[in-house]
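Take a look at the structure below.
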Amino acid sequence: MLSVVIVGGLHADARKATVERLLADVPGSVVLHHDLATAAAGTVVRTIRDAGGLLSAGETPLVNDCACCALREDLVPELRRLDAAGTLRLAVVELWDSVEPKAMAEVVAAGGLTVTGVITAVDPALVLPYLGNGDDLADRGLAAAATDQRTVADTFARQLEYAPVLAVLDSPEADEEDRELLAQLHPTAHQIPIATGHPTTTDHSTRPTDPTIPDHSTRPTDPAVPDHAAWPTDPAVADHPARPTDPAPTDHPARPTDPAPTDHPARPTDSAPTDHPARPTDSAPTDHPARPTDPAPTNQAARPTDASGTLYPVRPSPRSALARAALAGFDVESAAAAQHPACARLPAEADAHGVSTLVWHRCRPFHPERLYEALEDITCAAARSRGRFWLADKPDVLLHWDAAGGALCVESVGPWLASLPDAAWDLVPPVRRAAAALDWHPEHGDCCQHLVFTSPGLDRDGLERLLESCLLTDAEYAAGRDAWKRLPPAFDTLLEV
């Protein structure tokens, strides 16, 4: 069965280097890419290539004047065609700049294909410039649809935080602060370094990665903004749902470099075992690693061919961390749960190399007017902030906080569990109930403030004082919920109530 790994990210040079590394490390791999830059002309260009160069190219028309819809309609059939050929090991789906991996991973999985990895490629020197860029994607020629209202910063943040694996470009311009910021933004990610030079250098992109993001005025539109309101159904969420560090080979995953099997160290007459066609060390004894009489040389053993007759080994190199991550496995439902505001795996407290993460947790609601008046100062206090919060005038509603680039998005994502009748709890996914249990208060249940702020030069004390000033006072709190609901509804405009 064909494995599918999704590689995305706004840092085009890092993404390209990652894709080229995968092509070199995983024999029998191809890259499928949909270029949305031609959407203004009414089409999306699809290319398929391997390490040797371009294999095929084609166009697919827009669907409902939407490049993203065209991508969705074309991607799964193309992957199924590649799978049916039976000659390939891995399909690398290289996403266009602003396409978010969450949406595409769910599309591929819903199409009955196997997503074995999701990787976001990152240049650490560009993390802060992109995270601080509040420009609309449309203004940079990176919008995915005519209705796309995302910004550079919030798109980059979601690309970064969704993927369990980060391919980190070995950038000479990155310093300790840059690397620390990346680590604190996504502390559970498995980071894999990618050299700036890569073994196959066929250039299929001319897009620069300047942190100001140059204008590509002919590049229109694509993926829908991920829906954070849909509750996940996976019963358990792990910090590493895709276990990116697990080795991929299933025959001897922990012994990639052994010169010969230890159970048969000196079997000179053994030919290559037929049940392990890709074990290069079994084909010859250790004293003759390149015997010409071995029946199954490692560069030809058990390799299928593509339509042009190119031979592809069945298994990738076990020495490549990136190849193992691409084939390790990926749980789409668990990944969605890890991003849902009610049970998101948020960063923990940290302070190193000039970068800080503040975790602010309180069990008292915000006064809506005071919080609204302080929004600009709170939003601009950190490069990235996210979490869930509780407004006094809407005491039963769980609200999502998502800020990057000086812009804040707030949305209602349903009720707090404490607001639901007992009979409704059976309809709530177990992962949501488990997350609520961690914040459970004897009086308020799971209603709380849980916000996380990450930034270089973070004024932790000043930010905490500002947040505390927005909470209900003792007298306001003692007045009770009926009084809270009569407070001015300052957030109705933001929440489009």
Side-chain angles (χ1 to χ4, degrees), residues 228 231 237 337-350 356-375 377-379 381-382 385-403 408 410-422 424-425 428-454 458-491 494-495:
H228 295 284
W231 284 359
V237 178
Q339 296 302 307
H340 191 276
C343 44
R345 298 282 177 170
L346 299 174
E349 285 274 348
S356 293
T357 294
L358 169 67
V359 178
W360 192 74
H361 194 286
R362 296 293 184 273
C363 293
R364 179 174 292 198
F366 280 124
H367 186 287
E369 279 190 320
R370 290 200 294 273
L371 178 62
Y372 188 84
E373 291 171 358
L375 281 182
D377 290 337
I378 296 173
T379 300
S385 57
R386 55 188 174 126
R388 50 190 177 271
F389 68 105
W390 184 24
L391 279 181
D393 65 316
K394 296 174 175 52
D396 298 324
V397 179
L398 192 161
L399 296 166
H400 181 208
W401 178 288
D402 187 15
L408 171 67
V410 297
E411 63 177 335
S412 168
V413 289
W416 298 98
L417 289 194
S419 303
L420 294 176
D422 292 345
W425 277 50
V428 177
V431 64
R432 172 73 193 279
R433 298 198 298 268
L438 297 176
D439 287 332
W440 201 260
H441 185 278
E443 182 180 354
H444 305 303
D446 58 330
C447 303
C448 68
Q449 318 292 355
H450 189 173
L451 298 174
V452 177
F453 301 82
T454 299
L458 186 67
D459 180 5
R460 299 169 64 97
D461 293 340
L463 179 56
E464 285 195 86
R465 286 193 298 270
L466 180 58
L467 291 166
E468 297 284 351
S469 72
C470 298
L471 294 172
L472 294 183
T473 64
D474 289 346
E476 291 166 340
Y477 179 78
R481 288 194 169 217
D482 289 341
W484 302 350
K485 291 179 181 179
R486 293 193 293 271
L487 291 171
F491 278 76
L494 285 178
L495 296 171

Min side-chain heavy-atom separation [X]-[Y] under 4.5 Å:
{"X": "Asp461", "Y": "Leu463", "result": "no"}
{"X": "Leu375", "Y": "Val410", "result": "no"}
{"X": "Asp396", "Y": "Arg481", "result": "yes"}
{"X": "Val397", "Y": "Leu495", "result": "no"}
{"X": "Phe453", "Y": "Leu467", "result": "yes"}
{"X": "Leu408", "Y": "Ile378", "result": "no"}

Using only atom types and a distance under 3.5 Å, with no angle test, would you say the side chain of [X] pairs donor to acceptor with the backbone of [Y]?
{"X": "His444", "Y": "Cys447", "result": "no"}
{"X": "Arg386", "Y": "Val452", "result": "no"}
{"X": "Trp425", "Y": "Leu417", "result": "yes"}

Euclidean distance, [Y] [atom2] relative to [X] [atom1], rounded to 0.5 Å:
{"X": "His450", "Y": "Phe389", "atom1": "NE2", "atom2": "CZ", "value": "14.5 Å"}
{"X": "Lys394", "Y": "Leu487", "atom1": "NZ", "atom2": "CG", "value": "10.0 Å"}
{"X": "Glu411", "Y": "Leu494", "atom1": "CD", "atom2": "CG", "value": "12.0 Å"}
{"X": "Leu398", "Y": "Arg432", "atom1": "CG", "atom2": "CZ", "value": "5.5 Å"}
{"X": "Cys343", "Y": "Asp439", "atom1": "SG", "atom2": "CG", "value": "11.0 Å"}

Taking all atoms of both residues into account, what is the closest heavy-atom pair of [X] and [Y], and its distance?
{"X": "Ala392", "Y": "Pro368", "answer": "CB-CD, 4.4 Å"}
{"X": "Ala435", "Y": "Ala342", "answer": "CB-O, 3.7 Å"}
{"X": "Ala344", "Y": "Arg388", "answer": "N-NH1, 4.4 Å"}
{"X": "Pro395", "Y": "Ser419", "answer": "O-OG, 4.4 Å"}
{"X": "Leu471", "Y": "Arg370", "answer": "O-NH2, 2.7 Å"}
{"X": "Thr357", "Y": "Pro347", "answer": "CG2-CB, 4.2 Å"}

Hey, do the aromatic rings of Phe491 and Trp401 have their centres closer than 6.0 Å?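 For Phe491 and Trp401, the ring centres are not under 6.0 Å apart.
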Hey, are Arg362 and Glu464 close enough for a salt bridge, meaning a charged N less than 4.0 Å from a carboxylate O?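 Salt bridge: yes.
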Trace of the salt bridge (charged side-chain N to carboxylate O under 4.0 Å, His left out) decision for Glu349 with Arg460: CA-CA 11 Å; Glu349 285 274 348; Arg460 299 169 64 97; 2.4 Å; yes
Going by the angle between their ring planes, with limits at 30° and 60°, are Trp484 and Trp390 parallel, tilted or perpendicular?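 Ring orientation, 0 to 90° scale: perpendicular.
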A quick test of your reading: do over 12 heavy atoms of other residues, nucleotides or ligands sit less than 6.0 Å from OH of Tyr372?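 It does not: Tyr372 OH has 12 such atoms or fewer within range.
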Is there a salt bridge (charged side-chain N to carboxylate O under 4.0 Å, His left out) between Arg433 and Asp446? Walk through the geometry before answering. CA-CA 10 Å; Arg433 298 198 298 268; Asp446 58 330; over 6 Å; no
Which residues share a salt bridge (charged side-chain N to carboxylate O under 4.0 Å, His left out) with Asp393, sequence neighbours left out: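 For Asp393 there are no salt bridge (charged side-chain N to carboxylate O under 4.0 Å, His left out) partners, ignoring immediate neighbours.
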